[in-house]
Amino acid sequence: MRLFTLFFGIIFVIFAYFQLDDPDSGVWIGIYSFAALACFMSLRNLWPSWVFYLLAAGYVVGAVLQWPPEFEGIFFGEAQMRSLNIELARESLGLLICSVVMVVIGKWGTPRI
């Protein structure tokens with residue numbers, strides 16, 4: 001479990017770094033940095049499990065609100081987007097990844113308080 005948490009902590013730091021050239025970079029750097037912080041706090045058992053469930057719920061709400069009005073795919077092979085819907089789908093997917101990781105950490109990676 002520690003390797004899982006460390007892996008995703010590093011992944012979320014990388015995700016935050018890749019947001020530097022985004023027009024709304026401040027928001028997304030904060031979102032991914034907080035997910036990384038949560039992973040690193042879990043490594044030291046500094047937060048109770050309910051905090052991770054609360055974060056997961058927040059990420060799910062964000063993913064639902066961020067979902068594009070018309071899904072056009074993710075298109076990982078293309079560097080450029082053809083429409084705003086692709087960007088919204090990618091952002092929604094990132095929030096869902098954060099949510100799943102927070103649920104896993106809350107369930108198996110923290111002491112029950």
Side-chain angles (χ1 to χ4, degrees):
M1 190 63 205
R2 293 181 68 79
L3 286 176
F4 173 87
T5 307
L6 181 63
F7 173 77
F8 275 103
I10 293 169
I11 289 295
F12 291 142
V13 169
I14 293 169
F15 282 5
Y17 174 76
F18 284 143
Q19 299 301 316
L20 288 174
D21 64 345
D22 209 31
D24 54 352
S25 63
V27 172
W28 292 101
I29 289 172
I31 287 170
Y32 289 127
S33 295
F34 201 76
L37 174 67
C39 289
F40 297 136
M41 295 297 271
S42 172
L43 286 173
R44 301 296 303 229
N45 291 324
L46 296 175
W47 288 354
S49 60
W50 64 266
V51 173
F52 297 99
Y53 294 134
L54 188 65
L55 286 171
Y59 285 130
V60 167
V61 168
V64 169
L65 293 175
Q66 197 67 22
W67 191 253
E70 182 181 334
F71 184 72
E72 296 179 25
I74 306 290
F75 297 107
F76 284 115
E78 297 179 16
Q80 296 182 358
M81 296 174 305
R82 293 187 312 216
S83 74
L84 179 62
N85 289 331
I86 295 172
E87 174 70 10
L88 292 174
R90 288 178 180 175
E91 290 173 349
S92 185
L93 178 63
L95 291 171
L96 286 175
I97 292 170
C98 291
S99 177
V100 169
V101 170
M102 294 302 120
V103 167
V104 169
I105 291 172
K107 177 74 175 164
W108 293 290
T110 60
R112 306 292 180 255
I113 297 176

Tell me every residue that passes side-chain contact (heavy atoms from CB on, under 4.5 Å) with Leu20, counting only those two or more places apart in sequence or in another chain. Tyr17, Ile29
hydrophobic_cluster_shared for Phe34 and Tyr32, side chain cutoff 4.5 Å: yes
Going by the rule side chain to side chain donor-acceptor pair (under 3.5 Å), which residues pair with Asp24 if we only count those two or more places apart in sequence or in a different chain? Trp28
Transitive ILVMFWY cluster of Val61, excluding itself - 4.5 Å side-chain cut-off: Leu65
Specify whether Trp47 and Phe52 have parallel, tilted or perpendicular ring planes, treating 30° as the upper limit for parallel and 60° as the lower limit for perpendicular. tilted
Interatomic spacing from CD1 in Ile105 to CZ in Phe8 - rounded to 0.5 Å: 9.0 Å
Under a single-linkage definition using a 4.5 Å side-chain heavy-atom cutoff for Ile, Leu, Val, Met, Phe, Trp and Tyr, are Leu96 and Val101 assigned to the same hydrophobic cluster? no
Can you see which heavy atom on Ala35 is nearest to which on Met102, and at what distance? O-CE, 3.7 Å
Residue set satisfying ring pair (Phe, Tyr, Trp, His ring centres under 6.0 Å) with Phe18, at least two apart, ordered chain then number -> none
May I ask you to list the residues sharing a hydrophobic cluster with Val103, side-chain cutoff 4.5 Å, ordered by chain and number? none
Checking Leu43 now: which residues fulfil side-chain contact (heavy atoms from CB on, under 4.5 Å) with it, not counting sequence neighbours? Arg2, Thr5, Leu6, Phe40
Any chance you could lay out the side-chain contact (heavy atoms from CB on, under 4.5 Å) test for Phe15 and Ile31, step after step, and finish with the verdict? CA-CA 10 Å; Phe15 282 5; Ile31 287 170; over 6 Å; no
Please name all residues satisfying side-chain contact (heavy atoms from CB on, under 4.5 Å) with Pro69, sequence neighbours left out, ordered by chain then number. Asn85, Leu88
How long is the span from the CD1 atom in Ile97 to the OG atom in Ser92, to the nearest 0.5 Å? 10.0 Å
Show your working on side-chain contact (heavy atoms from CB on, under 4.5 Å) between Met1 and Val104 and close with a plain yes or no. CA-CA 9 Å; Met1 190 63 205; Val104 169; 3.6 Å; yes
Suppose the criterion is side-chain hydrogen bond (donor to acceptor under 3.5 Å, both in side chains): which pairs have a residue in residues 56-69, not counting sequence neighbours? Gln66-Glu91
